[in-house]
Amino acid sequence: MIVMTKDTMQIVREQDVVPFRNRVREYAAKIGMSLVNQTKLITAASELVRNMLKYANGGKVLIEIISKNAQTGVRLTFIDEGPGIANVQQAMQDGFSTGKSLGLGLPGTKRLVNEFDIKSTLGEGTTVTVIHWKNGR
Amino acid sequence: MSTTAQHLQKHRQRIIETWMKNQLTDAALRDDLMSNDELRSQSDELLTALLRAFNSGNFDDVYSSDYDQVIEILNDISITRARQGFSPRETGQYVISLKKAVNEVLEEELKDDPGALYQETRKTDSVLDSLSMITFETFIKGREEVIFRQTDEINEISTPVIRVWDGILALPIIGTLDSARTQIVMENLLQEIVNTGSSIAILDISGVPAVDSLVAQHLIKTVSATRLMGAECIISGIRAEIAQTIVHLGIDLSNIKTKATLASALQLAFSMTNVEVRKINRNAGFKLMK
Amino acid sequence: MDRIPILKMGPFLLVTIQVDLYDRLALTLENDLISMVSQTGAKGVLIDISAVTIVDSFMGRILGNIASMSRIMDAETVVVGMQPAVAITLVELGLTLQGVYTALDVEKGMDLLYNKIGIIDVLEEDDQEEEPDDCND
Ligand SMILES: Nc1ncnc2c1ncn2[C@@H]1O[C@H](COP(=O)(O)OP(=O)(O)OP(=O)(O)O)[C@@H](O)[C@H]1O
Ligand SMILES: [Mg+2]
């Protein structure tokens, strides 16, 4: 796997969400991702960044264009130093929420992108990594 | 600087000449697919990257970052070759003939020191063997991609969206419905809904061999997306055995309008859009005209 | 502070969302709309999202809230003009906007509202919503 471009964005307040989404869209468009796949990736990104703001008071996101086996994609890494998630498996289930919400963010995001990885340690923070390939597969 | 790299760097020009010669004398290489100049510049680029990697002194692990660039170039070459229709043999020959060239230079350079020659060739051989394996793997991936693309094309062709009436679209699905195909069906259907301003879409599944819970899920997704856009979806072509499996599997389609035949779906669509189709009595019409 | 203009059209309110909404703007819109419904006694709300390129669970929830709150005040809500990419993404995310009516464009949305509230537009026969019993043969 080769990282072709690397970019970081700090997310500290709600106003950072839209510029962040636009940045992700720029990268996705740059590698020629189709509109539907762009929309899926950006929606996933939006969910994850909201979680970061809501549950961890913000954090940072790494935006990268990567290439593997001659396939190009966008990789986003959401890193926060929030409270962490006690039971990741439970958090990944549709409908589970500690925020009186729909509990769709994490499981929905996983459905939207090609690759999804979450690591969380109580008291240390949460890191979510997603990859979406150019052709959405 | 590693001594291997030193030896090779010194004879860089010779390696490239021998390698080119090896490639070009291979009877199987079709020069219709690539010009010699292209081949040379490609080979040159790879050799540069390879010598740089050798220079790191790492001969054990081609998956380490020292070889990133080499592998990237090689992947690019194999994928391109797969797409252009090169044979696996031609593609495999590419790295194998480089190995020959490298060995020739080493033999020449170390002819007085068999021990060192053995050591050096062992190192370079192991790297080049791994690289030729990677070349094959990627070549096959490239072919797979060609197949994927063709599948997409077939899917595209086999899911036509037909405008059957003003405001009514029909989409006959033939063959099975997997998730890749569902994506295409959804995209085509929704785009056509926008283009034509149609408010009803009929999904005819008479040509779908079997409906399991996965296929049903795909159908439900399509219906939901259509509704979000503000159009209604009717599923037609539900044969007896499909109805049976749906019930046996406990799939809930109660929220979805279903019809046995395309004709009855069309009829429903007509009544939903306040269209009435009836036989006219020509004689009566004639009388009226008078 | 920015506001999204709300237009009164006969018995209905029309909102056209032109930009990707910041959260606060979306919440302001929710408040403004609801108070407008109550002030004007509007019978329906049309939200045109044809220019919106992404709807995440936050935005989806706002749309749902507007619909539920309006309904309590006896007004129906129609979301019109959702883009295909957005619809596909929402379905994958798992958000199907239950309780919100949808229509292809503003005109069709108005027709739908007229039908829902039973004002018969004399120029049109209107049994649009009276679907025949589903005789699944
Ligand atoms: N970055 C995070 N730090 C700490 N906890 C998190 C983080 N992200 C998610 N969680 C926990 O995981 C749960 C599930 O998250 P998810 O995004 O699926 O649902 P939600 O945010 O509660 O609701 P929705 O996203 O539908 O509005 C959250 O309720 C929260 O408890
Ligand atoms: Mg969430």
Side-chain angles (χ1 to χ4, degrees), chain A residues 11-26 28-29 33-55 58 78 92-97 99-114 116 130 132 136-137, chain C residues 1-4 15-32 47-69 77 79-100 102 104:
Chain A
I11 306 289
V12 288
R13 3 167 246 161
E14 177 249 297
Q15 283 90 320
D16 297 334
V17 173
V18 174
F20 163 69
R21 291 200 304 224
N22 291 341
R23 185 83 64 94
V24 176
R25 185 182 292 283
E26 261 168 49
M33 203 182 268
S34 76
L35 182 64
V36 173
N37 281 311
Q38 279 184 35
T39 310
K40 286 183 178 178
L41 174 66
I42 295 155
T43 309
S46 186
E47 293 298 331
L48 293 173
V49 95
R50 279 184 192 297
N51 279 356
M52 214 159 78
L53 281 167
K54 186 168 170 186
Y55 302 108
F78 300 78
M92 288 304 299
Q93 274 163 20
D94 270 319
F96 176 83
S97 173
K100 291 203 179 67
S101 193
L102 298 170
L104 279 180
L106 290 177
T109 297
K110 189 173 178 189
R111 285 189 291 266
L112 286 174
V113 296
N114 296 135
F116 179 98
V130 300
H132 206 59
R137 174 158 57 202
Chain C
M1 191 203 231
D2 286 346
R3 282 206 132 78
I4 296 175
V15 184
T16 307
I17 301 180
Q18 299 283 11
V19 289
D20 279 342
L21 292 189
Y22 287 83
D23 295 7
R24 204 149 306 145
L25 200 55
L27 289 167
T28 315
L29 175 66
E30 181 182 309
N31 287 331
D32 290 357
I47 307 176
D48 182 357
I49 60 164
S50 52
V52 173
T53 54
I54 152 173
V55 173
D56 61 3
S57 66
F58 177 82
M59 189 60 202
R61 198 159 42 241
I62 300 260
L63 294 175
N65 286 350
I66 293 175
S68 320
M69 294 173 189
T77 303
V79 169
V80 305
M82 187 183 289
Q83 288 185 10
V86 174
I88 292 172
T89 301
L90 277 184
V91 167
E92 214 68 60
L93 186 64
L95 205 71
T96 45
L97 300 186
Q98 299 294 327
V100 180
T102 51
L104 286 176

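Treat the numbers as computed from the prediction; the structure is a model and nothing was measured. Below, chain A is the first sequence line, B the second, and so on; all start at residue 1.
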Review point. So what's closer than 4.5 Å to chain A heavy atoms on C:L95: side chain, backbone, both or neither?
Key: both

Exercise for review: Check whether any side-chain heavy atom of A:T43 sits under 4.5 Å from a side-chain heavy atom of C:E92, and report yes or no.
Suggested key: no

Check your understanding: Of C:I17, C:D48, C:I49, which is the lone residue that meets side chain to side chain contact (heavy atoms under 4.5 Å, CB included) with C:V79?
Key -> C:I49

Check your understanding: Under 3.5 Å, side chain of A:S97 to main-chain N/O of A:G99, donor-acceptor pair present?
Key -> yes

Check your understanding: Can you tell which of A:E14, A:K110, A:R111 has the highest number of heavy-atom pairs within less than 4.5 Å of chain C?
Key -> A:E14

Check your understanding: Side chains of A:R25 and C:T53: is there a donor and an acceptor less than 3.5 Å apart?
Key -> yes

Check your understanding: What part of A:V17 lies closer than 4.5 angstrom to a heavy atom of chain C: side chain, backbone, both or neither?
Key -> neither

